[in-house]
Structure formats: C-alpha cells, structure tokens
Asks: 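Questions regarding the structure given below will be posed in turn.
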Amino acid sequence: MARVLVCCGVGGTGKTTTSAALGVAQARAGHRVVVLTIDPARRLADALGLDRLDNEPRPVALPEAATGSLSAMMLDRKGTWDAVIRSRASADTAQRLLANPYYRALSTRLSGSHEFMAVEKLHDLVHSGAFDVVVLDTPPTQHVVDFFRAPQRVRGLLDRSLLASLLDPARVRGAAARGAFAVIRRLAGRGVMDDLRSFFELFAELSAGFRERSAAIEALLSSPETAYLLVAHADAPERNDLLGFLDELRQRGMTFAGFLVNRVQLQPAGDWPDPAALLAASSDPAWPAMVQALLALPEQANERARRHQQRIRALVDQAGGAPAWLVPEVAEGARSLDALWALSEHLPPTEAAIR
Ligand SMILES: Nc1ncnc2c1ncn2[C@@H]1O[C@H](COP(=O)(O)OP(=O)(O)OP(=O)(O)O)[C@@H](O)[C@H]1O
Ligand SMILES: [Mg+2]
C-alpha cells in the first residue's frame, strides 16, 4: 500500500505549493509519487503540466536527475462525486441521480464536499498500486481540523437523511417546527420537493456502500502509513490552530510528521558589499543616501531571518520537539518546475525521513 503524506494548514500558507515540492523531493529520491492538488494557482498548474480537470494523474516531466517519477492531478470535485455514484449505484439509479438538481447542487456547492471527495480520491490512488507515495494537498479551510471533520459531516448528512423530515411532516416533532417546515415546503415549491424526495430515495440504495467505504477511509486516514504535515507560514505560524490540530491528531491516533515552515527568510550570504567600494561607484550627489538604503536591505533580511528562527523554535517547542523543515521564500512565487525543484531540496527526500 502506498504511503500517504497529507499537507494540512490554514488558508494561503502554501499547502498546494509545498505539496508539489514535497512530491518532487520524493520523486528525486526514487519513489513513484502522485500529488493530488486542490485548486492550484494557474501558473503552478501549468508548471505541473495540468491543463485540465480530468481527475487522472498526469506524468510531470522532471529533470533526469530524478530517479523516481512524479504524477500530478487536480481534484475535480464534481467528477469524483459522479465517479463514486457510477461505481456504486445501478446504471439506472446513477443516471437519475446524476440528473437530479439537488444532487448537482450537493456535489458542487455543499461545504465539506471538497474534503469528502479528496479522501475518496485518495483512497483510490492508494489502492491503485501505481504509486509508492501519495501526497495530498488539502482544501483551504479556516481551521486546520476542518479537514478531518468535513468528510464525516457530509457522510452524516447523506446517511441520516436529515432532510427526510422536510418530506414527511408527520416525522417533524413540535408544532413550531412543523410550521417552519411547511413554510420551507411552500417557498421551495413542489418541483424542488419532488427532486429532494427522489434524491433521498435513490440515495438510500447507496447508503450501505457509503458506510462501508467510509470505514475504509477512516482506517486509511488513521493508518500508521499516513503521516500529517502542518504547513505554517514563517511570518505567522498559527500557534493556536496548531494546538487544535495536534489535539485532533492525538485523539484520532494519527501520526504527526512535523512542520513544513514555508516562506522562511534564510540568513543572507555573509559576503556583504564593501561600503567604501559602493560609495566610490558614483559621484551622483544622491548616491550616498542610496548606498545607505541599499546597505540596510541585508540588515532587514537578517532581522526577518532572526524573527523566523525565534518563531520556529517556539513552534517546535510547543509541539514537543517535532521536526521542522524550513522552506525558503523564493523570488516571484513558486510557480515553475525549477522553483519547485529548488524548494524540494529543503524537504524530506525519503519516507524514512518522515517517520
Ligand atoms: N516558498 C514560497 N516562496 C514564494 N512564494 C510562495 C511560496 N510558497 C507559496 N508561495 C505563494 O503563495 C501563494 C499561496 O500559496 P499556495 O497556493 O500554495 O497556498 P495554499 O495554502 O495552497 O492556499 P489555499 O489555502 O488558498 O489553498 C501562491 O501565490 C504561491 O505562489
Ligand atoms: Mg491550495
């Protein structure tokens, strides 16, 4: 079974970028790797050769120095839902479900459905036998723990048919609630209620399959073969969120592999220009002031580097000495294969390094 590396983190910290670079690092070390990205920025998708959402891993052309292979894909939430329905319902039910307006809204808009489908696809990739390592990027969430809770929430919604109450007034408890549901039914209109009823009737056929699969996915997510990395921004390594995340992992018996601290200002090279030589470079009266400003730049960078080191130490301490990989900030964003290659040199190259 493939080893799974999940990159979690709050929105915008660099989960998608570091997932791709982590994939490159593992491929360089000889593994057959697939990176499952979620909504990559356009230029990053281009760098990975992902020009369409087709839910299939596509090989990435890496330099020859890489002894393994890298494939990448972007999660197509709707496509994954459809594939799951097709694989588990009879042809007739699948066809009717796919055409159901309520199903269409559910598969594209329901909050948490991104996470739900990401773990569904993860399960397929792990069991395909085509890869040694699967790197999973995660959707942007406000809180890191949302990633763990969302799939269960969506399954619960489907399973318990909460909305069945809407369809059957006799099952609604309390006169006030019955009144409220009556209003919803009136506002929603007959057609919508029929779609909803038909959705739940069709879905009932799939419930047992979903329950079974959900148990397999839960087992995969908490297997020792699955390790979680927390991507933190060097300027603000969200410490409060970190505690919630670690707590959740511990409660679920999951493996915390460490931090990927992104956009770190590494110490600038020690060879600073000689101020006297710089001053002699021009006789322009404005030049000395310019030199002063230029010379302040390395100092500012140094100051930021020191701040980052302090924060990273505090973060690691708080997590009881967990490992941290420092991913430098690269100029012009990390949007080319060259940039990902450069970042990969700072990431754990082997699965063993992550254990
Ligand atoms: N090490 C880096 N150096 C420079 N730019 C970076 C680096 N890492 C990420 N970026 C830039 O930061 C932005 C956010 O990165 P990314 O999309 O990977 O974050 P994310 O956590 O996946 O965001 P979201 O939560 O929205 O999915 C992008 O523009 C990316 O190019
Ligand atoms: Mg992202």
Side-chain angles (χ1 to χ4, degrees), residues 5-26 34-50 53 55 60 70 72-77 80 111-119 121-122 134-150 228-239 241-242 244-245 257-268 301 304-305 307-309 311-312 315 324-348:
L5 304 174
V6 187
C7 294
C8 299
V10 295
T13 44
K15 297 177 292 295
T16 306
T17 308
T18 51
S19 300
L22 188 60
V24 173
Q26 303 269 312
V34 60
V35 179
L36 170 50
T37 64
I38 294 168
D39 290 341
R42 188 66 258 160
R43 284 181 58 193
L44 180 64
D46 288 346
L48 293 169
L50 297 173
L53 267 176
N55 247 358
V60 179
L70 178 67
M73 61 169 284
M74 318 187 223
L75 181 75
D76 169 8
R77 174 160 51 156
T80 308
S111 109
S113 102
H114 234 140
E115 287 84 348
F116 183 37
M117 284 302 133
V119 298
K121 193 73 207 174
L122 174 70
V134 183
V135 182
L136 177 66
D137 173 24
T138 52
T141 47
Q142 209 165 7
H143 300 289
V144 185
V145 292
D146 290 350
F147 172 71
F148 300 112
R149 298 186 177 153
Y228 295 83
L229 293 138
L230 185 68
V231 182
H233 195 303
D235 281 325
E238 314 72 14
R239 291 218 232 132
D241 223 57
L242 159 74
F245 176 72
F259 300 103
L260 300 182
V261 186
N262 191 26
R263 311 192 73 147
V264 178
Q265 172 82 53
L266 297 178
Q267 214 77 22
R304 185 161 175 247
R307 246 186 352 257
H308 284 175
Q309 294 301 328
R311 291 207 181 108
I312 292 162
L315 187 70
W325 288 273
L326 311 189
V327 184
E329 174 140 271
V330 290
E332 296 160 25
R335 302 182 193 120
S336 66
L337 210 46
D338 284 349
L340 291 178
W341 188 270
L343 291 182
S344 76
E345 292 179 5
H346 300 267
L347 289 167

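Whatever order the structure lists ligands and atoms in, that order sets their numbers, starting from 1. Sequential numbering from 1 along the given sequence is applied to the chain's residues.
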Asks: Is there a side-chain contact between His346 and Leu266 in this structure, where contact means two heavy atoms from C-beta onward sitting under 4.5 Å apart?
Replies: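 Yes, close enough: below the 4.5 Å cut-off.
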Asks: Which residue from Ala342, Ser19, Gly14, Cys8 reaches closest to atom 19 (O) of ligand 1 through any of its heavy atoms?
Replies: Gly14
Asks: I'd like to check whether Asn262 has a polar contact with ligand 1, where a contact means an N/O of the residue lying under 3.5 Å from an N/O of the ligand.
Replies: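 N/O-N/O distance below 3.5 Å exists for this pair.
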Asks: Is there a donor-acceptor contact under 3.5 Å linking the side chains of Thr80 and Asn55?
Replies: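 Short answer, yes.
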Asks: Would you please say whether a donor-acceptor pair under 3.5 Å links the side chains of Thr16 and Asp137?
Replies: yes
Asks: Would Arg304 and Asp235 pass as an ion pair if we require N to O under 4.0 Å?
Replies: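 Salt bridge: yes.
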Asks: Tell me: protein heavy atom nearest atom 28 (C) of ligand 1, and distance?
Replies: Thr17 OG1, 4.8 Å
Asks: What protein heavy atom sits nearest atom 12 (O) of ligand 1, and how far off is it?
Replies: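 Ranking protein heavy atoms by distance from atom 12 (O) of ligand 1, first comes Arg263 NH1, 2.9 Å.
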Asks: Identify the two heavy atoms, one from Leu36 and one from Met74, that lie closest to each other, and give their separation to 0.1 Å.
Replies: CD1-C, 4.5 Å
Asks: Closer than 2.8 Å to the Mg ion (ligand 2), what protein N/O/S atoms do you find?
Replies: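 The answer, once waters are left aside, is Thr16 OG1.
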Asks: Is the closest side-chain heavy-atom distance between Pro348 and Leu22 below 4.5 Å?
Replies: yes
Asks: With respect to Gly12, determine whether any N or O atom, backbone or side chain, lies less than 3.5 Å from an N or O atom of ligand 1.
Replies: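 N/O-N/O distance below 3.5 Å exists for this pair.
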Asks: Does Thr18 reach ligand 1 with a nitrogen or oxygen that is under 3.5 Å from one of the ligand's nitrogen or oxygen atoms?
Replies: no
Asks: Are Leu343 and Pro328 packed together at the side-chain level, in the sense that at least one heavy-atom pair is separated by less than 4.5 angstrom?
Replies: yes
Asks: Please could you name the atoms of ligand 1 that Ala334 approaches to less than 4.0 Å, counting only its heavy atoms?
Replies: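 Those atoms are 5 (N), 31 (O).
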Asks: Within the distance-only criterion (no hydrogens, no angle test), does the side chain of Thr13 pair as donor or acceptor with the backbone N or O of His233 below 3.5 angstrom?
Replies: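 Absent.
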Asks: Can you sort out which atoms of ligand 1 are near Lys15, meaning under 4.0 Å from one of its heavy atoms?
Replies: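 With Lys15 as reference, the close atoms of ligand 1 come out as 18 (O), 19 (O), 20 (P), 21 (O), 22 (O), 24 (P), 25 (O).
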Asks: May I ask you to check whether Asp137 has an N/O atom sitting below 3.5 Å from an N/O atom of ligand 1?
Replies: no
Asks: Atom 6 (C) of ligand 1: protein heavy atom closer than 4.0 Å?
Replies: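 When distances to the protein are checked, atom 6 (C) of ligand 1 has a heavy atom within 4.0 Å.
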Asks: Taking distance alone, with no angle check, do Val330 and ligand 1 share an N/O pair under 3.5 Å?
Replies: yes
Asks: Examine the proximity of ligand 1 to Pro328 and report which part, side chain or backbone, both or neither, has a heavy atom under 4.0 Å away.
Replies: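 For Pro328, only backbone atoms sit under 4.0 Å from ligand 1.
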Asks: Check ligand 1 against Gly11 and write out every atom of the ligand that is under 4.0 Å from a heavy-atom position of the residue.
Replies: 25 (O)
Asks: Which protein non-hydrogen atom lies closest to atom 22 (O) of ligand 1, naming both residue and atom, and how far is it?
Replies: Thr16 OG1, 2.7 Å
Asks: For Arg43, check salt bridge (Lys or Arg N to Asp or Glu O under 4.0 Å) against everything at least two apart and list the hits.
Replies: none
